[in-house]
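Count residues from 1 along the sequence.
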Amino acid sequence: MKITEVDVHVVNLPLVNPFTSSFETKTGETRTVVRIRTDTGVEGWGETMWGRPVAAIVRDLAEDLIGTSPFALESFHRRHHMVPFFYGYLGYAALAAIDVACWDAMGKATGQSVTDLLGGPVRDEVPLTALITRADAPGAAAGDLPRALAEHTERVVAEGGFTAVKLKGTKDVQGDVAILRAVRAALPEVNLRVDPNAAWSVPDSIRAGIALEELDLEYLEDPCVGIEGMSQVRQKVRIPLCTNMCVVRFEDFAPAMRLNAVDVIHGDVYKWGGIAPTKALAAHCETFGLGMNLHSGGELGIATAAHLAVVASTPVLSRAIDSMYYLHADDIIEPLTLENGSLRVPDGPGLGVTVDEDKLRHYAEVNAREGDLTK
């Protein structure tokens, strides 16, 4: 079986509501979608972060794919191991788009799910985290914001069946602490987290961390910048520290371990360059006694299915994962259904999802008109 064609599309899809973090407010997602075709008629679909710059790298890499087997992933990655060096996150994302498409094709060619190709399921449902931002309480005065967001969070948890909640933090450290106290008072049993995306200083992270210890947070994610800063916080704060910002490649792993900087690492198929690197990260975490979870970069259905296959086949990924999937107003596949706060792992061949090519074309036309979404 040889790859004969590689199609690349860039799509824009809307979110149900604006999503605010410490550095942006998003109203939609731009994603790059890849389809490989083979001489046996098997197709494989991949999807990755961001738009036109990533798509351009994928098109360059596609020239090297033609005439090769989708099973020859190791040699493909070896030939292009310098792509992330030159392109950073964009390079990892481009490699992951092709990687996932090849895994989908391998599964379809063998009649096996990607989960089975990765070793078989240890779970068949994956819980998601309810993601809460200040945009979820529009119009609330500053003094009323903690109460308003706590009430919103109660509704989200009740309606969706979520067992974990993450607040996207801001530069307003004390405001975030007040919101978390209100949410904890309203939901004493939920697994609670906060992610300021490194918006806090080290001293503020320490002060806030000590103040938050009584709330029994599951973890504090990226309060400040860098391995050194996280190490200083970890020396003073008893809440476990999580990152998807200072351990983002394997070269970061040893320094983080030496400095005792983190307790949980967020992996991501699309930020780490593919499925095999994400599984390797899981092995590293288990070896060193760390926890692991998955980051979300706004995955649509194809990318979400790949994340579900990784979680389903990886014991250490036992927490409710981050996923913005349920926040999208539409999809380019037959939608995955959120039930009791979880997504069921697709069990069909490959990724187990079916692409709606009419929607793919429609949202590619939206991107052609609007350009990539940056906010």
Side-chain angles (χ1 to χ4, degrees), residues 15-22 26 29 49 123 125-137 149-150 152-170 176 179-180 182-184 186-197 212 215-223 239-245 262-271 278 282 285 290-301 303-312 314 316-328 336-345:
L15 294 171
V16 174
N17 295 302
F19 186 84
T20 299
S21 68
S22 63
K26 299 198 296 185
E29 298 286 357
M49 301 172 72
R123 56 185 66 88
E125 291 185 350
V126 176
L128 305 190
T129 305
L131 302 172
I132 307 301
T133 84
R134 294 191 183 206
D136 293 323
L149 277 178
H152 168 78
T153 305
E154 281 188 287
R155 290 193 296 271
V156 169
V157 168
E159 292 169 6
F162 296 100
T163 59
V165 170
K166 181 164 87 170
L167 172 69
K168 294 297 290 185
T170 67
D176 289 342
I179 292 167
L180 289 163
V183 172
R184 173 54 83 209
L187 295 164
E189 301 301 322
V190 77
N191 289 320
L192 187 58
R193 314 161 182 168
V194 59
D195 176 17
N197 287 112
L212 291 169
L215 302 187
D216 190 28
L217 298 188
E218 187 175 11
Y219 51 69
L220 172 57
E221 182 179 344
D222 287 311
I239 301 169
L241 295 188
C242 173
T243 186
N244 83 90
M245 295 180 70
V262 296
D263 302 279
V264 180
I265 295 177
H266 267 195
D268 185 319
V269 167
Y270 311 98
K271 288 182 71 175
T278 308
C285 289
L290 300 182
M292 182 176 169
N293 208 345
L294 286 192
H295 164 263
S296 178
E299 302 82 21
L300 305 178
T304 297
H307 267 187
L308 294 176
V310 170
V311 177
T314 309
V316 73
L317 285 168
S318 58
R319 293 173 167 84
I321 67 168
D322 282 5
S323 174
M324 292 182 65
Y325 183 75
Y326 75 99
L327 298 175
H328 290 104
L336 304 168
T337 302
L338 183 72
E339 294 183 359
N340 299 318
S342 298
L343 294 176
R344 179 164 289 277
V345 181

Quick check: do [X] and [Y] have side-chain heavy atoms less than 4.5 Å from each other?
X	Y	answer
R344	T337	no
H295	D322	no
L15	H328	yes
V183	I132	no
F162	T153	no
D268	L294	no
Y326	L131	yes

Whether the side chain of [X] engages the backbone of [Y] through a donor-acceptor N/O pair (distance < 3.5 Å, no angle test) should be reported.
X	Y	result
T129	A320	yes
R123	L317	yes
H307	A303	no
K26	G298	no
D222	M245	yes

Where is the tightest heavy-atom contact between [X] and [Y], given as atom of each residue plus distance?
X	Y	answer
S296	M324	OG-N, 3.0 Å
T278	M292	O-CE, 3.7 Å
A164	R193	CB-NH2, 4.0 Å
G169	D176	CA-OD2, 3.3 Å
L290	V262	CD2-O, 3.6 Å
Y270	E299	CE1-CG, 4.1 Å

Gap separating the [atom1] atom of [X] from the [atom2] atom of [Y], nearest 0.5 angstrom:
X	Y	atom1	atom2	value
S342	I321	OG	CD1	9.5 Å
L128	L343	CG	CG	4.5 Å
L241	E221	CG	CD	10.5 Å
I265	T243	CD1	OG1	7.5 Å
L217	K166	CG	NZ	12.5 Å
E29	L327	CD	CG	9.0 Å

Checklist line | Residue of the set N191, N293, D195 for which side chain to side chain donor-acceptor pair (under 3.5 Å) holds with Y219 | finding: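 For Y219, the side chain to side chain donor-acceptor pair (under 3.5 Å) check succeeds only for N293.
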Check: Under the criterion side chain to side chain contact (heavy atoms under 4.5 Å, CB included), which of L192, L212, V165 is the partner of R184?
Finding: L192
